[in-house]
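Below you'll find the structure, written out as structure tokens, and then a few comments.
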2 protein chains.
Amino acid sequence: MKFYTSTNEIPEEMLKGIGLTYPQLTYLPETGILYNNTYNKKTVPIISGGGSGHEPAHVGYVGSGMLAAAVTGPLFVPPKAKNILKAIRQVNSGKGVFVIIKNFEADLKEFNEAIKEARNEGIDVRYIVSHDDISVNAYNFHKRHRGVAGTILLHKILGAFAKEGGRIDEIEQLALSLSPEIYTLGVALAPVHFPHQKTSFVLAEDEVSFGIGIHGEPGYRVEKFEDSERIAVELVNKLKAEINWQKKANKNYILLVNGLGSTTLMELYSFQYDVMRLLELEGLSIKFFKVGNLMTSCDMSGISLTLCSVKDPKWLDYLNAPTGAFAW
Amino acid sequence: MKFYTSTNEIPEEMLKGIGLTYPQLTYLPETGILYNNTYNKKTVPIISGGGSGHEPAHVGYVGSGMLAAAVTGPLFVPPKAKNILKAIRQVNSGKGVFVIIKNFEADLKEFNEAIKEARNEGIDVRYIVSHDDISVNAYNFHKRHRGVAGTILLHKILGAFAKEGGRIDEIEQLALSLSPEIYTLGVALAPVHFPHQKTSFVLAEDEVSFGIGIHGEPGYRVEKFEDSERIAVELVNKLKAEINWQKKANKNYILLVNGLGSTTLMELYSFQYDVMRLLELEGLSIKFFKVGNLMTSCDMSGISLTLCSVKDPKWLDYLNAPTGAFAW
């Protein structure tokens with residue numbers, strides 16, 4: 001049994017609960033907009049958002065040094081353009097507004113509409129579309145490049161840069177430099193179990209699915225589960241093929257080990273151990289780690305692995321900078 | 001499918017993974033002992049521990065201003081006395097060692113044996129047995145008073161007090177004053193799903209069980225799930241009957257909303273909203289909140305609610321003091 005009772009509406013109770021818990025966060029009822037009420041208006045506000053069901057993304061990343069606001073939609077359904085526009089207006093203080101969008105067709109449609117309208121109103125809106133997922137579509141071998149867990153590196157690094165006074169055009173440049181370095185691949189151990197929610201794939205108790213998406217999109221291959229190490233080998237090898245780190249001089253990387261919902265910390269840290277041993281053999285040096293349920297898919301059981309090359313050592317300073325966001 | 005492959009051994013991979021992730025934490029292989037290698041030896045070290053499967057407890061609470069070390073056993077099985085003794089020796093620097101034990105028979109046996117031996121070696125060991133669970137045994141109506149999620153208030157408050165220079169006898173006094181104020185009650189929405197692990201209760205998809213323990217111990221009543229609010233009403237009413245806040249002048253409380261493993265943040269914050277509304281009607285003022293998967297029972301779906309009266313305003317300072325523990 002799950003607490004969710006409806007999947008067609010903005011999860012008001014959750015958002016009100018968050019607003020009651022953290023005095024620095026204000027929820028605007030029936031809009032999905034949660035904003036940082038202590039936000040420094042002399043800096044460029046960064047906003048992000050998407051469907052709900054990915055908590056702590058994006059609400060948990062609202063706070064000083066990260067997002068100025070997050071816009072949340074119904075379960076796995078992006079927020080409406082009118083609410084995104086409202087969020088842009090809410091945080092705008094004349095310095096421009098920077099928007100981080102996850103690469104999904106439905107999200108792009110709503111965000112683009114809102115950005116177009118905000119620009120018509122004279123607000124200097126810039127944006128980045130995060131597309132860190134490197135899984136391949138089994139049907140046509142095209143890359144899907146969805147925006148998944150690696151998106152939170154954009155939230156944190158751009159947020160810290162904005163806090164220290166980065167201008168809107170500088171933030172845009174940093175986003176364009178950072179985003180292509182972020183690579184993520186996920187694996188499901190069990191699909192979402194969720195009232196009223198159809199999952200688009202089925203897995204037997206002893207199977208895993210590589211390359212799944214964060215809305216229950218099916219992966220590129222299903223196989224029998226062997227052990228954590230086997231999964232680590234598959235994800236690391238696929239990331240290596242995509243990133244080509246063996247051909248690059250820079251061996252410094254950022255690592256995220258993300259749980260997809262009901263994966264326990266015992267599993268995440270055991271997996272982290274397997275990944276670390278493999279990356280050591282590859283000669284990579286991990287300069288920043290993060291392990292936890294960072295961007296989930298309801299109660300899906302599974303893990304995603306994100307690697308990002310440290311092209312600029314300042315990125316590490318931004319990652320290590322303090323933030324008021326409750327889930328970082 | 002879950003990553004766990006064995007339930008009879010200390011989860012070495014997890015503990016090594018944590019040691020690799022956080023430079024300030026060192027894992028002593030094959031002992032279950034994870035300690036803070038930056039610990040200030042002029043202060044009294046606090047240690048805790050228990051079976052694994054409750055992550056982030058206790059490993060996530062090791063760090064400056066909380067635990068100096070945690071000792072972890074196999075899944076739901078307490079660590080052996082010899083490893084607890086080794087942990088006491090590891091952190092001892094002549095100021096005494098304070099131990100926080102969760103009230104379970106098997107835990108008490110191992111911890112008592114270790115404490116007795118450490119005292120024989122001349123180490124001034126003091127301890128507190130946390131017993132915050134107020135669920136009632138349906139068979140004899142005796143209180144069970146197990147040590148559950150509220151235990152982390154002892155970790156944090158005593159840890160912060162020790163860091164600021166509290167002596168061993170002062171820490172003992174604070175523990176004796178704080179521990180009886182902590183009250184917790186839990187509810188399961190689904191039992192643990194875990195290879196090789198028998199759960200001691202079964203729940204239908206539409207049922208919930210009130211008063212369950214963190215090792216899958218059955219609760220005091222099973223009923224049909226209605227909604228989050230109904231669960232909040234049951235837990236708040238039972239806590240009220242036990243704490244008797246209506247008869248007390250002090251209306252200031254600490255609140256923990258704890259997920260038992262696979263409960264999503266969407267559920268936790270929706271529940272938090274329901275609880276806050278009820279406590280407001282009761283005239284209570286919540287001075288400190290914490291919402292998250294704080295002390296889990298593997299991947300059990302469920303929630304526990306902890307309330308603690310703020311007898312001394314300093315407790316809030318200790319809760320708000322900075323800590324290096326990764327899971328606080």
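The sequence lines fix the lettering, A, B, ..., with proteins before strands; numbering per chain opens at 1. Note: hydrogens, waters and symmetry copies are ignored here, and every other heavy atom, side chains too, is used.
Within the 4.5 Å cutoff, no side-chain heavy atoms of A:Ser228 are placed close to those of B:Glu13. Residues B:Leu268 and A:Met14 have side chains not in contact (no heavy-atom distance under 4.5 Å, counting atoms from C-beta outward).
Looking only at atom types and distance, the side chain of B:Thr21 has a donor-acceptor partner in the side chain of A:Gln272 under 3.5 Å away.
The OG1 atom of A:Thr264 sits 10.5 Å away from the CG atom of B:Asn293 when rounded to the nearest 0.5 Å. Between the CE atom in A:Met300 and the OG atom in B:Ser262 there is a gap of 14.0 Å [rounded to 0.5 Å]. Between atom OG of residue B:Ser270 and atom CG of residue A:Leu15 there is a gap of 8.5 Å, rounded to the nearest 0.5 Å.
Residues B:Tyr273 and A:Leu20 share a closest heavy-atom pair of CD1-CD1, 3.6 Å. The two residues A:Gly53 and B:Met266 have their closest heavy-atom pair at N-CE, 3.5 Å.
Taking the centre of each ring, B:Phe289 and A:Phe326 stay at or above the 6.0 Å mark.
Interface residue A:Pro56: backbone and side-chain heavy atoms are both found under 4.5 Å from chain B.
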